[in-house]
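Below: one structure, written as structure tokens.
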Amino acid sequence: MAIEIEIRKIGKVTDIKIGHIIGNELVMGSYDDNWRFEPGKITTDVGVFDPKNPGRGIMVHMDPNNRGSIKLKLPVPAATSDIDTLISTAARMAEGWGAMIVSSNGDCMPGTVFAANAANLKKFNYDSIRKASQDIIDGKAPSFCVFGAKWPVFMGEEEAQRFVKDPEEFGTWLINRQKMDAYYAGVSFFKTVNGTVGRYTVGPGVRYIFPKTPRVPYGFDVECNDYAVLVFKDKETKGEVGFEEFLGRLPEDKVSEYDIYNDLIAPLTEEEAGQIMNG
């Protein structure tokens, strides 16, 4: 589900300024194949969010064939601060660009009228949080993938039990995980004579968000049963370790849970990286 609106230019069509979209506080960029945010990379579809409160982020679609229309989409469930960011962004775009805001049901309005609907938007978001949580509790889904502003996060039953009672906790949980000083480990796929292989990369001195089991990111049309980790000791020394072997060789005190499907790996020393490489 999502909250979707259109910013429709009134009168002569002119190109919108980037400042009208991001103002003085937001950041803009695109997402790679592992759904990791790449700041400053501008395409026809970009993500925009507040770096002080990185919840879901707003998807902005700029159609080169229709320069008088820009579409905004906020996936839900989202943090309450995401709703506030959507409202302020839409109002700033409409005012600065000389445009109106068009809702999903076709209502056309200025930014002030759209902002007056904040309470209803937040209620819709709370209802979405409760539904996603209840689906997990009822066994309809094992988890819920939240495509966050910076990278994906997975909600499990433990979180669902909390969020169904207090939806505001969802935003706190999401933002705290998006603000962690860590690198989200993505997988790269390669075709070989023996089929497709998936490889993760780990080196010393970096805190990683790392999968407990390997997986194909959403949107990939690939089947892979061969996963391994490229471990770097330094810029020139590296070795390949099987995925399960890699996890088994990690020092226990370096591993803690990030979410239901991912762990946090504290920064390895070069010595530890070498020991993992050599078994």
Side-chain angles (χ1 to χ4, degrees), residues 1-31 37 39 42-132 146-150 163 166-172 174-175 178:
M1 291 187 292
I3 300 169
E4 299 183 61
I5 59 173
E6 177 189 0
I7 311 299
R8 187 179 297 169
K9 184 74 170 71
I10 305 300
K12 182 180 178 181
V13 174
T14 57
D15 290 331
I16 193 169
K17 296 179 179 179
I18 295 297
H20 292 154
I21 302 175
I22 64 174
N24 297 319
E25 298 180 350
L26 307 185
V27 294
M28 174 185 286
S30 299
Y31 293 88
F37 182 73
I42 308 302
T43 64
T44 55
D45 290 284
V46 295
V48 172
F49 65 90
D50 180 354
K52 298 189 299 298
N53 294 290
R56 288 301 293 262
I58 303 162
M59 299 308 299
V60 181
H61 175 70
M62 294 173 280
D63 186 348
N65 297 316
N66 185 4
R67 293 170 49 239
S69 171
I70 297 176
K71 294 180 180 179
L72 307 184
K73 179 170 73 173
L74 174 62
V76 293
T80 299
S81 58
D82 288 321
I83 305 292
D84 296 328
T85 299
L86 174 67
I87 291 171
S88 61
T89 300
R92 179 173 56 249
M93 291 173 66
E95 180 179 357
W97 197 32
M100 297 291 280
I101 299 171
V102 183
S103 68
S104 57
N105 61 9
D107 292 337
C108 190
M109 67 197 82
T112 52
V113 175
F114 180 63
N117 197 38
N120 290 332
L121 295 177
K122 291 178 181 180
K123 181 182 182 304
F124 172 69
N125 184 50
Y126 282 165
D127 290 343
S128 300
I129 294 171
R130 290 191 179 97
K131 183 182 185 307
V146 183
F147 290 99
K150 297 172 71 175
F163 303 156
D166 184 0
E168 191 65 26
E169 277 289 307
F170 173 86
T172 301
L174 175 59
I175 290 171
Q178 294 285 288

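In this chain, residues are counted from 1 in sequence order.
Pairing each heavy atom of Val46 with each of Ser30, the nearest pair is CG1-OG, 4.0 Å. The minimum heavy-atom distance linking Pro77 with Ile129 is given by the pair CB-CG1, 3.4 Å. Contact between Arg56 and Asp82 at its shortest, heavy atoms only, is N-OD2, 2.8 Å. Closest approach of Tyr126 to Pro167, counting heavy atoms only: CD2-CB, 3.5 Å. Of all non-hydrogen atoms in Ala149 and Gly57, the two that sit nearest each other are CB-N, 4.1 Å. Nearest approach of Arg67 to Pro64, heavy atoms of both residues: CG-O, 3.9 Å.
Counting heavy atoms from C-beta outward, Thr85 and Phe49 have side chains that stay 4.5 Å or more apart. Proximity of Lys9 to Ser69: side-chain heavy atoms (C-beta onward) are nowhere separated by under 4.5 Å. Under the 4.5 Å side-chain criterion, counting only non-hydrogen atoms from C-beta, Ile5 is not in contact with Val102. By the 4.5 Å heavy-atom criterion applied to side chains, Pro54 and Ile175 are counted as neighbours. Taking 4.5 Å as the limit, every side-chain heavy atom of Phe163 sits out of range of all side-chain heavy atoms of Leu174. Side-chain atoms of Ile10 and Trp97, non-hydrogen and from C-beta on, never get closer than 4.5 Å to each other. With contacts defined as side-chain heavy-atom distances shorter than 4.5 Å, the pair Ser81/Asp50 does not qualify.
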N/O donor to acceptor pairs below 3.5 angstrom from side-chain atoms of residues 18-29, sequence neighbours left out:
none

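Proximity of a side-chain donor or acceptor of Lys150 to a complementary backbone N or O of Gln178 within less than 3.5 Å is detected. Counting only distance, with no hydrogens or angles, the side chain of Asn105 and the backbone of Asp107 share a donor-acceptor pair below 3.5 Å.
Heavy atoms of other residues, nucleotides or ligands lying less than 6.0 angstrom from NZ of Lys12 number 12 at most. The neighbour count for Lys131 NZ, taken as heavy atoms of other residues, nucleotides or ligands under 6.0 Å away, does not exceed 12. More than 12 non-hydrogen atoms from other residues, nucleotides or ligands lie less than 6.0 angstrom from CZ of Arg130.
Atom OG in Ser128 sits 14.5 Å away from atom NZ in Lys122 (nearest 0.5 Å). Distance check: Thr172 OG1 to Asn53 CG gives 9.5 Å after rounding to the nearest 0.5 Å. Annotation: the span from Ile101 atom CD1 to Glu6 atom CD amounts to 11.0 Å, rounded to 0.5 Å. To the nearest 0.5 Å, the span separating NZ on Lys71 from CZ on Arg8 amounts to 9.0 Å. Atom CG of Leu86 sits about 11.0 Å away from atom CD of Glu4, to the nearest 0.5 Å. Note that CD1 of Ile7 and CZ of Arg92 are 10.5 Å apart. Values are rounded to the nearest 0.5 Å.
Under the rule for a ring pair (Phe, Tyr, Trp, His ring centres under 6.0 Å), the partners of Phe147 that lie at least two apart in sequence or sit in another chain are Trp35, Tyr218. Under the side-chain hydrogen bond (donor to acceptor under 3.5 Å, both in side chains) criterion, Ser88 pairs with no residue at all, not counting sequence neighbours.
Among Thr89, Asp45, Ile70, the one residue that satisfies the side chain to side chain contact (heavy atoms under 4.5 Å, CB included) test with Val60 is Ile70. Exactly one of Ile58, Val76, Leu72 qualifies for a side chain to side chain contact (heavy atoms under 4.5 Å, CB included) with Ile3. That residue is Val76.
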